[in-house]
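This is the structure I have questions about; it appears just below.
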Amino acid sequence: MDILAELNPAQKAAVEAINGPVLILAGPGSGKTRVITHRVAYLIRVVGVNPRRIMAVTFTNKAAREMEERLNQLVSASVKDLTLGTFHAICARILRLDGQAIGVDKKFVIYDDDDQIALIKRSLQDLALDPKQFAPRALQSVISSAKSQMLGPADLPGKSYFEEVTRRVYERYQELLAASSALDFDDLLMRTVLLFRKQKDILAKYQARYLHIQVDEFQDTNLVQYELIKLLAGKYRNICVVGDPDQSIYSWRSADIRNILNFEKDFPDARVVLLEQNYRSTQLILDAATCIISANRQRKPKDLWTKNEKGLPPLLIETYSEDEEARFVVNEIDNLVRAGEVRSGDCAVMFRTNAQSRVLEEAFIRYGMPYKLVAGTRFYERREVKDVIAYLRLIQNPNDTVSLMRVINVPQRGIGERSLDELTRWSREQGVSEYQALRLLAESADSGAEMPLSARTVKALAGFAVMLERLIERSREVDIMVLFDLVVEGSGYKQYITGLIDGEERWENVQELRGVAQDYKDLKPGEGLTALLEGVALVSDVDSLPEKQETVTLITLHQAKGLEFPVVFIVGMEEGIIPHYKSIDDPAQLEEERRLCYVGITRAKRKVYLVRAFRRHLMGSSAVNKPSRFLLDIPEHLLARGGVREKEDEWSSASIDATEKAIKSDEDLPVVKAGEHVRHDQFGEGVVVNYHKVKNDAEVVVAFDGVGVKRFLLSFAKIDKV
DNA sequence: CGCAAGTACCTTTTT
DNA sequence: GGTACTTGCG
């Protein structure tokens, strides 16, 4: 099979440019994934590069898995040797192997969001600070953002009282992490960079190994991640980054769009390849999307085009309430499926916030239409799953205090808050971890005399220590499945959980986790445990999205990135939702909201429904919402309307309107289209943001660089296309 | 110490 | 509207 055969010229160029730095700017649906996989296949098959010497970084584990699958088809040789995964997974691997050089415990555990919050609360407690005054969530986000820029506590400003507190909490938080031999997500990245900076020999080892490095979704990397690949690529400089600034939607997670801009600065000899042909969407959908994104000031213009058929313009559906909105969606999907137009698995409903999913779910349930919610109660965030993981983590690393505190009294062992406070206090006094304190207690009952604890409590604590001790011993001998069962039964957890009201369901979840463990059953004792824990720490919900959906997908706009569906509904197209009210007064955040909207629309292959409700319940009270400003960016001829209908079966008339519109706009194509670049004698260059017909003329709305938005009648304006 | 009921709180997106 | 945390009682 010729790897280059099925690629267009731009894609081919992107695949063949294997020497030196390459920046691939890839529009939505431009075959980006295909280019990346083919590039790796090309390196292996045609150039003859050893897979061991290639690193490919993806945004999600799912993307990594998919890439592996595709590569297996393209390349007969084993791709197992490839370094393929997310930044976090790759860094975890590096640290596990070489982290000791900078004092990272070989047995480190990875703390997720919840664990971080728990630890920050402890930090606040230690510092005698009020968690109400200093919201743990806010602190977490400050700390995370600091780490994303390689800033330690000392690098933070300490001017105001709040800043001073933040700094102290950050400091304490790090101490507690270290005491627990734990790393949080940001540490995985930051420590790896530190490792490379401090241990030149280790860096040299990795640099020598990786002849080729590829990074996907580059627009969503943060500074640390960029630093990391710059270090890794330091020797051979064969670095290829792929991204689309217009799809950058993670700046709140410290993703820095400057990475893309700086890339060309840091690598002046970088080859830039543009992928502008869209293979996914119909013409009108692409046009509407272009109009929306063109209104952003902070962007490099891009000329997306497609050979696909014209199709139908996006449909604007205006409903009275969010209930009606949900009913419309279900009803319309039902119509489409009945008409044989699509299968329900072809449809996705996208929303800005998870809270919006509830009403949708209710409607789907009421109509008996099956659906799959991508971000429901997340599996790995379920209490029972976290509990069992906490037990497993304790076996791997008993100093993991967050896990210890989590399960020491689950099931109840008569160890209350007071006793735990006392335990913490005492262990600090002794300068040992809580776990070591427990062991001391268990070994010599006399030392308990120093603590103001009842004999009963000491017994309970010692009992827990003995149990844990036994599990740790056994873990060295048995495989992960045996260990799993030992943990669940030996700790009394099984009995506890099955005894709860919803025990059956919870037990099923524990069993599901057991199923995950099965993947690691052939590994050696200990290794299997480490691998399992690492696996569960770094997965997300999108990862579990099955390949071929037979049901409607309910998904957030963020999670939808990288996916595609024939039919897309975006609900809640209202001011305050998209754009989210928290983003409205910050221009930069507003642009991100716009990109989010753009991402949503460009997921669609054939049909887009933009749905809004006049009235919506938000936290109990009801609010009247204006239509999203992004709707105003779509010119008349690119937007069909379906009004509010009393009877549900009349809703489908919206599709007729759309069809008519598509035909009508075909007859008299506008002289200029929204999204096009124009020049005006007086105002300079700008982008057409809107175009619609008025009587015998047309009104054009143009956003000029540095001037602002101007309106013209087409017949009078002196406008030329650029 | 454990449980039940009540309260205050919030609400963006997630590797 | 739901949850996470507090309070009060057995």
Side-chain angles (χ1 to χ4, degrees), chain A residues 57-64 85-92 110-114 116-118 121 131-132 135-138 140-141 144 147-148 183-189 216-217 220-222 224-225 248-255 322 350-359 362 374-375 377-378 380-381 383 409-421 453-454 456-457 460 534-543 555-562 572 576-584 586 589 592-593 595-597 599-600 616-623:
Chain A
V57 188
T58 56
F59 190 67
T60 62
N61 296 294
K62 178 170 164 263
T86 63
F87 272 109
H88 293 86
I90 291 172
C91 286
I110 300 169
Y111 275 4
D112 71 8
D113 234 46
D114 279 1
Q116 282 184 57
I117 295 292
K121 282 182 183 165
K132 273 187 191 139
R137 277 244 160 256
Q140 186 232 5
S141 120
S144 169
K147 287 186 177 182
S148 303
L183 299 180
D184 64 21
F185 285 141
D186 300 305
D187 281 338
L188 292 175
L189 309 172
D216 193 10
E217 306 286 10
D220 287 323
T221 53
N222 63 30
V224 182
Q225 291 166 332
S248 160
I249 53 176
Y250 285 99
S251 73
W252 52 274
R253 226 178 67 190
S254 306
E322 79 257 52
M350 302 179 184
F351 35 85
R352 175 69 237 265
T353 67
N354 277 309
Q356 290 170 258
S357 68
R358 216 197 65 252
V359 185
E362 282 168 10
V374 176
T377 337
R378 294 157 187 155
Y380 289 104
E381 282 174 20
R383 205 181 74 203
N409 201 32
V410 180
Q412 291 93 317
R413 301 184 173 93
I415 303 166
E417 214 170 323
R418 286 263 291 282
S419 314
L420 288 179
D421 281 349
L453 288 172
S454 67
R456 203 180 56 174
T457 310
E534 203 149 297
V536 299
L538 298 172
V539 293
S540 71
D541 299 302
V542 199
D543 295 334
I555 192 168
T556 66
L557 286 164
H558 280 89
Q559 292 173 321
K561 191 181 72 166
I577 298 194
I578 323 172
H580 195 269
Y581 73 98
K582 289 207 169 176
S583 305
I584 277 178
D586 178 352
Q589 282 190 59
E592 181 145 318
E593 297 285 320
R595 292 194 289 270
L596 197 51
C597 186
V599 166
R616 186 176 295 272
H617 293 287
L618 292 160
M619 298 175 259
S621 62
S622 128

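Treat the numbers as computed from the prediction; the structure is a model and nothing was measured. Lettering of chains follows the sequences in order, A, B, ..., and the numbering in each one begins at 1.
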### Message
Can you measure A/Glu534 atom CD to B/dT15 atom C1' for me and round it to whole angstrom units?
### Response
14 Å

### Nucleotide nearest A/Ser419 (side chain, heavy atoms from C-beta), chosen from B/dT14, B/dT15, B/dC1
B/dC1

### Message
If you assign each of A/Glu417 and A/Phe59 to its closest nucleotide in DNA chain B, which residue comes earlier from the 5' end?
### Response
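Nearest nucleotide further toward 5': that of A/Glu417.
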
#### Entry: 5' priority, DNA chain B, between A/Glu592 and A/Thr457 [closest heavy atom]
A/Thr457

### Query
Can you find a side-chain donor-acceptor pair between A/Gln140 and A/Asp113 that sits under 3.5 Å?
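The answer is yes; a qualifying pair exists.
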
### Query
Can you name the side-chain contact (heavy atoms from CB on, under 4.5 Å) partners of A/Asp421, sequence neighbours left out?
none

### Whole-Å gap separating C1' (B/dT13) and CE (A/Met350)
15 Å

### Query
Does A/Asn61 make a side-chain N or O approach to OP1 or OP2 of B/dT15 shorter than 4.0 Å?
no

### Task
Report the residues that fulfil side-chain contact (heavy atoms from CB on, under 4.5 Å) with A/Ala64, sequence neighbours left out, ordered by chain and then residue number.
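Only A/Thr58, A/Leu84 meet the side-chain contact (heavy atoms from CB on, under 4.5 Å) criterion with A/Ala64.
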
### Task
Would you indicate whether the side-chain heavy atoms of A/Asn409 and A/Glu417 approach each other to under 4.5 Å?
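With C-beta onward as the side chain, the pair stays apart.
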
### Residues that A/Asp220 engages under side chain to side chain donor-acceptor pair (under 3.5 Å), provided they are two or more places apart
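Result, side chain to side chain donor-acceptor pair (under 3.5 Å) vs A/Asp220: A/Lys561.
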
### Task
Could you tell me whether A/His88 contacts a base, only the sugar-phosphate backbone, or nothing, with contacts defined as non-hydrogen atoms closer than 4.0 Å?
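Base contact - A/His88 has a heavy atom under 4.0 Å of at least one base atom.
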
#### Entry: Whole-Å gap separating P (C/dG1) and CG (A/Asn354)
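Atom CG in A/Asn354 sits about 18 Å away from atom P in C/dG1.
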
### Query
Which class fits the ring pair A/Tyr250 and A/Phe59: parallel under 30°, tilted 30 to 60°, perpendicular over 60°?
tilted

### Separation of B/dT13 C1' from A/Asn222 CG (nearest whole Å)
16 Å

### Query
Got a sec, which residues hit salt bridge (charged side-chain N to carboxylate O under 4.0 Å, His left out) with A/Asp114, two or more places apart in sequence or on another chain?
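Partners of A/Asp114 by the salt bridge (charged side-chain N to carboxylate O under 4.0 Å, His left out) criterion, ordered by chain and then number, come out as A/Lys386.
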
### Query
Is the ring of A/Phe87 stacked on the base of B/dT15, with centres less than 5.5 Å apart and planes under 30° off?
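No, A/Phe87 does not stack on the base of B/dT15, since the centre distance and plane angle fail the 5.5 Å and 30° test.
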
### Task
From the options B/dC1, B/dT13, B/dT15, select the nucleotide whose nearest atom is closest to the side chain of A/Arg418.
B/dC1

#### Entry: Counterpart residues, salt bridge (charged side-chain N to carboxylate O under 4.0 Å, His left out), relative to A/Asp186 (two or more places apart)
none

Can you give me the N/O atom pairs linking the protein to nucleotides 3-5 of chain C at distances under 3.5 Å, or say none if there are none?
residue: C/dC5; atom: OP1; partner: A/Lys121; partner atom: NZ; Å: 2.4

Tabulated below should be each protein N or O lying under 3.5 Å from an N or O of nucleotides 3-7 of chain B; please produce it.
residue: B/dC3; atom: OP1; partner: A/Gln412; partner atom: NE2; Å: 3.2
residue: B/dC3; atom: OP2; partner: A/Gln412; partner atom: NE2; Å: 2.8

#### Entry: Whole angstrom value for the distance that separates P of B/dT14 from CG of A/Asp186
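Distance check: A/Asp186 CG to B/dT14 P gives 16 Å.
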
### Query
With A/Arg418, which residues qualify under salt bridge (charged side-chain N to carboxylate O under 4.0 Å, His left out), at least two apart?
none

### Query
What is the distance from CZ of A/Arg253 to P of B/dT13, rounded to the nearest Å?
13 Å

### Task
Could you tell me the separation between the CZ atom of A/Arg595 and the P atom of B/dT13, rounded to a whole number of Å?
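From A/Arg595 CZ to B/dT13 P: 18 Å.
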
### Task
Check whether any side-chain nitrogen or oxygen of A/Gln559 sits under 4.0 Å from OP1 or OP2 of B/dT13, and answer yes or no.
no

### Query
To the side chain of A/Arg358, which of B/dT14, C/dG2, B/dT15 is closest?
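Ranking B/dT14, C/dG2, B/dT15 by closest atom to the A/Arg358 side chain puts C/dG2 first.
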
### Query
Hey, does A/Asn409 reach any base, or is it just sugar-phosphate, or nothing, if we go heavy atoms under 4.0 Å?
sugar-phosphate

### Task
Report the residues that fulfil salt bridge (charged side-chain N to carboxylate O under 4.0 Å, His left out) with A/Arg383, sequence neighbours left out, ordered by chain and then residue number.
none

### Task
Nearest whole angstrom, please: distance from the P of B/dT15 to the NZ of A/Lys62.
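Computing the A/Lys62:NZ to B/dT15:P distance gives 12 Å.
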
